[in-house]
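Right, I'll just put the structure down here and ask away after.
In this chain, residues are counted from 1 in sequence order.
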Amino acid sequence: NDNKKTTVSQMKRLALRVHEKTRRHGVTVTLPAAGWNEGVQTVSHEYLLADSRYWYFVASNVDCLTVYGDTGVRADDVTVNGEITFRCEVTPDVDLTANILRLEVEK
């Protein structure tokens, strides 16, 4: 039957399995207003590892959310250990804060 439905208890069990196999770590980095060069800025932090076992989720600090949206700030994938590159459509005129969450999934 193609109309199978997932129960709440099945979803809870799946979430628990994912949680048990995932390690989460996070850092906060600053994007200085003066650090943009032609819409690009690279930030360094030893936490950032270019490894296919890691997924990174980048989000603005709540205080910077409007500026992020108005200027089109976004992050590239981590391809070099210790570095992440951000891009913008319009150069922000204030320092921004980014929260970076690293997920490591055990295989």
Between D77 and T79 (side chain of the first, backbone of the second, donor and acceptor by atom type, cut-off under 3.5 Å), is there such a pair?
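No, D77 side chain to T79 backbone: no donor-acceptor pair under 3.5 Å.
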Do L31 and V80 land in one hydrophobic cluster if side-chain heavy atoms of ILVMFWY residues count as linked below 4.5 Å?
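Unlinked, L31 and V80 end up in two clusters.
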Do N99 side-chain atoms and T28 backbone N/O form a donor-acceptor pair below 3.5 Å?
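Checked: no pair found.
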For a quick test of reading the model, state the closest non-hydrogen atom pair linking D93 to A33 and the distance between them.
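In this case the closest contact between D93 and A33 is C-CB, 3.7 Å.
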Run the side-chain contact (heavy atoms from CB on, under 4.5 Å) check on V27 and R102 step by step: do they pass?
CA-CA 9 Å; V27 295; R102 181 179 74 199; over 6 Å; no
Backbone N or O of P32 within a donor-acceptor pair of the Q41 side chain at under 3.5 Å?
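Indeed, once roles are kept as given, a pair shorter than 3.5 Å links the two residues.
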Can you tell me if Y56 uses its side chain to pair, donor with acceptor, with the backbone of I84 under 3.5 Å?
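Checked: no pair found.
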R87 and D76: CA distance, side-chain angles, deciding distance, side-chain contact (heavy atoms from CB on, under 4.5 Å) verdict
CA-CA 8 Å; R87 299 182 187 280; D76 291 347; 2.9 Å; yes
Heavy-atom closest pair, residues Y47 and I100:
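That closest heavy-atom pairing would be OH-O, 3.5 Å.
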Using the side chain to side chain donor-acceptor pair (under 3.5 Å) rule, take T30 and T97 through it: C-alpha gap first, then chi angles, then the decisive distance, then the call.
CA-CA 5 Å; T30 300; T97 303; 4.7 Å; no
Go through the structure and list residues passing side-chain hydrogen bond (donor to acceptor under 3.5 Å, both in side chains) with D51, not counting sequence neighbours.
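side-chain hydrogen bond (donor to acceptor under 3.5 Å, both in side chains) list for D51, sorted by chain: R53.
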How close do V73 and C88 get, heavy atom to heavy atom, and via which atoms?
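In terms of heavy atoms, the two residues are closest at CG2-CB, 3.9 Å.
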Exam field: side chain Y68 to backbone L96, donor-acceptor pair closer than 3.5 Å:
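The answer is no, because no donor-acceptor pair under 3.5 Å joins these two groups.
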Identify, with sequence neighbours excluded, every residue that meets side-chain hydrogen bond (donor to acceptor under 3.5 Å, both in side chains) alongside N81.
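Listed in chain order: nothing, the list is empty.
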Membership question, hydrophobic clusters at under 4.5 Å side-chain separation (ILVMFWY): are V40 and W36 in the same one?
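Hydrophobic grouping puts W36 apart from V40.
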Is R74 positioned over the aromatic face of F86, cation under 6.0 angstrom from the ring centre and no more than 45 degrees off axis?
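The answer is no, since R74 fails at least one limit relative to F86.
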Heavy-atom closest contact (V67 atom, P92 atom, distance)
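Minimum heavy-atom separation between V67 and P92: CG1-CB, 4.1 Å.
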Minimum heavy-atom separation for C64 to D95, with atom names?
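Reported closest heavy-atom pair: SG-O, 4.5 Å.
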